[in-house]
Amino acid sequence: MKVLFVTSEFADFTKAGGLGEVAASLPRALKRGGTDIRILLPAYPEVIAKAGTISIIASLPGRAEIEPCFLGEVRTPDGLILYLVLAPSLYQRGGTPYGGPHAGDWPDNDLRFARLALAAAEIAKGQCAGLAWKPNLLHVNDWPGGLAPAYLRWDGASLPTVFTIHNIAYQGVFNRDRLHGLGIPEAAFHMHGVEFYNRLSFLKAGVFYSDEVTTVSPTYAREITTEALGWGLHGLMQTIAADGRLVGILNGLDDSWDPSSDPQLPDHFDSQDLSGKRALANLVRTGLCLKPSDGPLFGIVSRLVHQKGLDMVSDVAEAIVQQGGQFAILGLGDPQTELLLGRLARGQHDHIAFLNGFNEAMARRILGASDFCLMPSRFEPCGLVQMQAQRYGALPIARATGGLADTIEDDATGFLFTECSAAGLHAACQRALRAYGDPVVFENMRRAAMCRRFSWSTAAEQYEALYRRSIGRPVSDTAALQRLRHSPSSELRAVA
Ligand SMILES: Nc1ncnc2c1ncn2[C@@H]1O[C@H](COP(=O)(O)OP(=O)(O)O[C@H]2O[C@H](CO)[C@@H](O)[C@H](O)[C@H]2O)[C@@H](O)[C@H]1O
């Protein structure tokens with residue numbers, strides 16, 4: 001099987017959150033299982049800086065306002081092949097993959113990611129001058145790649161496509177006047193196409209024109225069919241689910257998350273010997289200028305966005321500090337949340353530390369040092385931090401939503417709460433504090449959490465089965481073609 005995996009983040013070189021980690025782990029697990037998988041990624045400056053020698057292997061055609069560009073190839077030290085879209089006018093900028101260092105999203109993100117998607121479609125069609133390799137399936141992740149399955153269909157290609165939703169709240173929605181600039185056929189601006197409330201949606205395009213849609217946990221696969229969590233796309237999700245083409249495949253945890261050998265931890269430990277964890281907790285407390293304490297340490301490692309519910313933490317933190325708790329918070333994101341957490345930490349600087357930024361080693365140390373990890377997410381497609389936390393012996397206190405509900409066993413490896421409010425979080429924290437007060441109960445829970453395994457191999461096997469099913473299906477039976485039968489005739493002619 002030959003698969004092109006399209007992503008806007010890849011943790012070896014650049015990441016803004018969980019997608020980057022999935023893109024670095026899942027293809028490796030699939031490769032170990034025998035899939036010839038290659039990654040397509042924009043050549044941001046940090047990618048060029050870290051990738052080593054890049055060979056220019058092909059040229060990519062443009063379309064409408066999307067300029068032609070070159071395709072580069074690099075290999076990671078463990079042999080993974082990456083194709084890089086070399087378009088300096090679009091990607092050679094500081095900041096995150098999506099925006100400048102201090103501002104919001106780049107205003108030309110439509111063009112930046114249409115360029116990525118078009119590159120994917122051209123490689124998939126096997127019409128990339130200079131590139132001998134051609135995939136037999138396209139696996140696209142999140143809205144930045146969303147136009148890839150659409151360009152393929154509009155160009156009459158029938159290659160199977162899988163689209164994975166990591167977070168349906170981010171949709172890549174742009175003004176309809178961008179239609180022509182992006183080379184989108186007028187007829188596709190339709191309810192059965194790319195149109196979304198009179199604007200154009202990259203995520204909807206990805207979902208609509210793909211054969212299979214996956215998301216990152218079984219519970220989230222159900223939640224996105226509801227009005228409450230479908231972000232306006234619940235109708236389409238219901239249709240796809242009814243067709244049996246929406247599936248939730250739980251993410252895994254990378255093997256590097258092992259507290260007995262993690263090179264980023266100064267002290268090591270395992271479920272049988274926790275002395276290293278206690279030493280690490282003292283070190284982290286000292287490093288963060290927290291007062292020495294025998295009380296529980298609550299860790300938070302998060303993007304600071306509304307989704308993550310950290311405003312609720314600020315409502316309960318004082319009460320927990322009164323009960324002997326301390327907080328170590330690491331994160332970066334919305335200025336309002338950063339301000340809120342900064343104020344909280346300043347008011348209780350002996351007991352609450354807030355590091356406003358992101359650093360992988362610090363994330364691992366905080367989770368390794370903590371007794372609990374707070375994740376009061378309003379919604380959570382899968383969540384990786386609760387898996388990392390369990391492995392490192394920090395019991396998650398989390399909302400029973402999405403992947404959190406699928407990966408935490410309430411009262412066994414963590415504490416789940418349903419009510420989305422500070423009161424709900426407070427009640428779960430009180431349960432956690434009661435468990436902490438009983439060393440036998442607490443140590444048993446901690447051991448159970450550390451012994452859980454979230455394997456990427458299991459996820460890879462499910463993706464592989466899905467790929468096989470898509471590749472084996474007759475062209476006339478593809479989901480995208482069936483959906484197009486209900487769409488404007490010019491589009492149907494294009495694929496017929
Ligand atoms: N500012 C930052 N910069 C870089 N890395 C940071 C960061 N803040 C946190 N991280 C790291 O990124 C990961 C966060 O992953 P999550 O899955 O918890 O959330 P995210 O919402 O980003 O991902 C979305 O995609 C993933 C992957 O499918 C889903 O698990 C999740 O539910 C969904 O919201 C953690 O490993 C964390 O250490």
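Throughout, numbering of the chain's residues begins at 1 and tracks the sequence. Both ligands and their constituent atoms are indexed starting at 1 by order of listing.
Scanning both residues, S217 and G402, for their nearest heavy atoms gives OG-C, 3.6 Å.
For ligand 1, the atoms lying closer than 4.0 Å to a non-hydrogen atom of E21 are 11 (C), 12 (O), 13 (C), 35 (C), 36 (O). When each atom of ligand 1 is checked for a heavy atom of Q307 under 4.0 Å away, the hits are 34 (O). Of all the atoms in ligand 1, the ones that sit under 4.0 Å from a non-hydrogen atom of V22 are 27 (C), 28 (O). Atoms of ligand 1 found under 4.0 Å from any heavy atom of L332 (numbered from 1 in listed order, with element): 1 (N). Atom numbering of ligand 1 starts at 1 in the shown order; those under 4.0 Å from a heavy atom of Q388 are 35 (C), 36 (O). Of all atoms in ligand 1, listed by their number and element, those nearer than 4.0 Å to a heavy atom of N167 are 34 (O).
Among protein heavy atoms, atom 14 (C) of ligand 1 sits closest to G18 N, 3.7 Å. Nearest protein heavy-atom contact of atom 32 (O) of ligand 1 is E380 OE2, 2.5 Å. For atom 18 (O) of ligand 1, the nearest non-hydrogen atom of the protein is L384 N, 3.4 Å. Atom 19 (O) of ligand 1 has as its closest protein heavy atom K308 NZ, 3.2 Å. Atom 33 (C) of ligand 1 has its closest protein heavy atom at H166 O, 3.4 Å. At the top of the distance list for atom 21 (O) of ligand 1, counting protein heavy atoms only, stands R303 NH2, 2.7 Å. Of all protein heavy atoms, the one lying nearest to atom 11 (C) of ligand 1 is K15 NZ, 3.3 Å. The protein atom (non-hydrogen) at minimum distance from atom 30 (O) of ligand 1 is G383 N, 2.7 Å.
Remark: distances from the non-hydrogen atoms of G331 to ligand 1 are all 4.0 Å or more. Taking 4.0 Å as the cut-off, E360 does not count as a neighbour of ligand 1 on heavy-atom distance. Contact annotation: Q386 has no heavy atom less than 4.0 Å from any atom of ligand 1. Under the 4.0 angstrom criterion for non-hydrogen atoms, G403 is not in contact with ligand 1.
If you check each of W257, F358, Y170 against atom 4 (C) of ligand 1, the one with the closest non-hydrogen atom is F358.
The N/O atoms of C382, backbone and side chain alike, include one that comes under 3.5 Å of an N/O atom in ligand 1.
The side chain to side chain donor-acceptor pair (under 3.5 Å) with H166 is formed by just one residue from the set T214, N141, T7, N251; it is N141.
Considering NE2 of H351 and NE2 of H349, their distance stands at 9.0 Å, rounded to 0.5 Å. Annotation: the span from I352 atom CD1 to L341 atom CG amounts to 9.0 Å, rounded to 0.5 Å.
By the criterion of a heavy-atom distance under 4.0 Å, the side chain of V301, and not its backbone, is placed next to ligand 1.
Cation-pi geometry between R93 and W106 is satisfied (NZ or CZ under 6.0 Å from the ring centre, within 45° of the ring normal).
No donor-acceptor pair closer than 3.5 Å links the side chain of S210 to the backbone N or O of V207.
Aromatic rings from F163 and H139 are positioned such that their centres are separated by 6.0 Å or more. In this structure, Y98 has its ring center no closer than 6.0 Å to that of Y170.
Under the 4.0 Å criterion applied to side-chain N and carboxylate O atoms, D411 and R431 are assigned as salt-bridge partners. By the 4.0 Å N-to-carboxylate-O rule, E419 lies too far from R399 to be salt-bridged with it. Comment: E360 engages K15 in a salt bridge, judged by a side-chain N to carboxylate O separation of less than 4.0 angstrom.
Counting heavy atoms from C-beta outward, F454 and Q390 have side chains that approach closer than 4.5 Å.
Counting only residues at least two apart or in different chains, ring pair (Phe, Tyr, Trp, His ring centres under 6.0 Å) contacts with residues 362-386 comprise W231-F379, F298-F372, F372-F442.
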